[in-house]
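Note that the numbering runs from 1 along the sequence shown for the chain. Side chains included, hydrogens not; waters and symmetry mates left out as well; all remaining heavy atoms used.
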Amino acid sequence: MTKHIFVTGGVASSLGKGLTASSLGRLLKARGLRVTMQKLDPYINVDPGTMNPFEHGEVYITEDGGETDLDLGHYERFIDENLTRDSNATTGSIYLAVLAAERRGEYLGKTVQVIPHITDEIKSRIRRLANDDVDVVITEVGGTVGDIEILPFLEAIRQFRLDVGRKNVCYVHVTLVPFIGPAGEQKTKPTQHSVTELRSRGIQPDVIVCRSEAPISAELKRKISSLCDVVPAAVVNAADAASLYDIPLVMHSEGLDTQVCELLELNSVEPDLEDWKALVRNVKAATFPVRIGIVGKYVALPDAYLSVVESLNHAGAKHGVDCKIEWIQAEDVEGMLAAGRCGDLDGIVIPGGFGERGIEGKIATAQFARENLVPCLGLCLGMQVMTIEFARHELGLAGANSGEVDPLTPHPVIDILESQRNVTDKGGTMRLGAYVAELGEGTQVAKIYGKTVVSERHRHRYEFNPKYRSQFEGTDFLCSGLSPDGQLVEFIELKNHPFWIGTQAHPELKSRPTKPAPLFDAFVDAARLRAEGRNPHLIDLENLDPTDLRVPR
């Protein structure tokens, strides 16, 4: 029978429940167990797809097109498994399902209540992930114990142990042990209060993960054990780590996975963590500085580009590179370029986004990177502004733009497809999830991927306008990847440039710590070569004088 682990949090938000759950998932998978994960979010939005990135951070997209919480990105990156839309459930989606069932008469006229109808729907979402192909389901409950919004979730997971049996459920509670400067000591009282609050909801934690700045003493662990009614071995300390990739190793050294396996009576071998240890060594050895500019609309909240940053770090670890991120507000780009403040960048990423704000700055960035041979990777909207830039400055299409930004543009080189133009439900015009692309033989992207058929995840509404394809043909601008029917442009690249590549997709969503996304892998390598003073576009040519490899900075 599938085992279930529920991860809750107390005292304060942002303690690292998601990373704790992800690390535990990695450790259990390293023991040969089949693991999947899930996030239960207390907000009333149906999903984060319409939420402001400044409010919520990035929207993570699953293979099947689910718009989900960014914690699913941590889950996928750590356990190296593709999750689905069923791995994210919000209060909004749960109430929507219950109300729809009530309208259909499924409750036979009964009064619809939080208990049992809402809690039953929550439990059904948890059960969806339990099947013969899964040994362990790890479910993170968003929010903090004591929040009014998560009460139905706590009640549901309390009932769940009764439904499936005590030996099939483990409760892991993440809490805080703060250091009080004037007193000069760490305090366990917040943890005690948090556990008391959780127990008042009928849940006795089996394991307590104590977050702290510095390691806590064995004496404090014994105190928490005694006052919170858990065995001493089940008090796990997660002190601040140098890197998030250290966390699984820290958790293992503290015995988290061992304790959970004993509680759930999981027969497993000792975890094989050699590949993860090698990753951590590579991260620590990645010291060569490379300056990467991320030109975005939401740079005030870096979580809006979390997967982009992590993908750069994955590639950096592989190439021995320390990616020094320069956050550049798109509206400020033109002034920065005029002042010569972008000339020392080794690479530029133009990430996705929606709306007109900052578009001209992104277009100016694409032009700067193209004309100055700076490696540039355009993602989704990034590819679109690269297309607009080339159309304006090389094809002479004055006023070229996206129909999203300027509905009256004389040259909508980026536009919504005719088949979608009259669809009133904007969600219905979105291309979401994994789509296949066919890459041109001999193109740069085909060499990077090492194959000509690839699949990447999408989240966008506007496309490269096929009416303008013919005007790009015969130039240095290549439509190097198309949809299988040849109608949609999925990848673009520039001849005679070290790395000026855009994709309509979001390859950052499939990058893994031990397997960097191919485009990010190649981009970081190109940026590294530029930082070293070499032209990456020329390195494969034979019989070159070394002085020809210098790049003007």
key: Check: E140/Y75 side-chain N/O donor and acceptor closer than 3.5 Å   = yes
S87 and R128 side chains, donor-acceptor separation under 3.5 Å = no
ask   = With a cut-off of 6.0 Å (strictly less than), are more than 12 heavy atoms of other residues, nucleotides or ligands near CD1 of I180?
value = yes
ask   = So, R457 and N82: side-chain donor and acceptor under 3.5 Å apart, yes or no?
value = yes
Counterpart residues, ring pair (Phe, Tyr, Trp, His ring centres under 6.0 Å), relative to Y107 (two or more places apart) = H117
query = Residues in salt bridge (Lys or Arg N to Asp or Glu O under 4.0 Å) with R161, at least two apart?
reply = D206
ask   = Is there side-chain contact between C210 and V236, with heavy atoms separated by less than 4.5 Å?
value = no
query = Which side-chain hydrogen bond (donor to acceptor under 3.5 Å, both in side chains) pairs, counting each pair once, include a residue from residues 5-24, with sequence neighbours left out?
reply = T8-H173
ask   = Between the main-chain N or O of D521 and the side-chain N or O of D525, is there a donor-acceptor pair closer than 3.5 Å?
value = no
I61 side chain reached by T68 side chain, heavy atoms, under 4.5 Å = no
Pairing residues for R199 by the salt bridge (Lys or Arg N to Asp or Glu O under 4.0 Å) criterion, not counting sequence neighbours = none
note = Interatomic distance, CD@E155 vs CD1@I203, rounded to 0.5 Å, equals 8.0 Å
Close side-chain approach of R512 and E76, heavy atoms under 4.5 Å = yes
query = Do R158 and F160 meet the cation-pi criteria used here (NZ or CZ under 6.0 Å from the six-membered ring centre, within 45° of the axis)?
reply = no
key: Polar side chain donor-acceptor pair, S511 to E310, under 3.5 angstrom   = no
ask   = What residues, two or more places apart in sequence or in another chain, satisfy salt bridge (Lys or Arg N to Asp or Glu O under 4.0 Å) together with K510?
value = E63
key: Listed once per pair and sorted, the ring-ring contact (aromatic ring centres under 6.0 Å, His included) pairs that draw on residues 266-288, sequence neighbours left out   = F78-W276
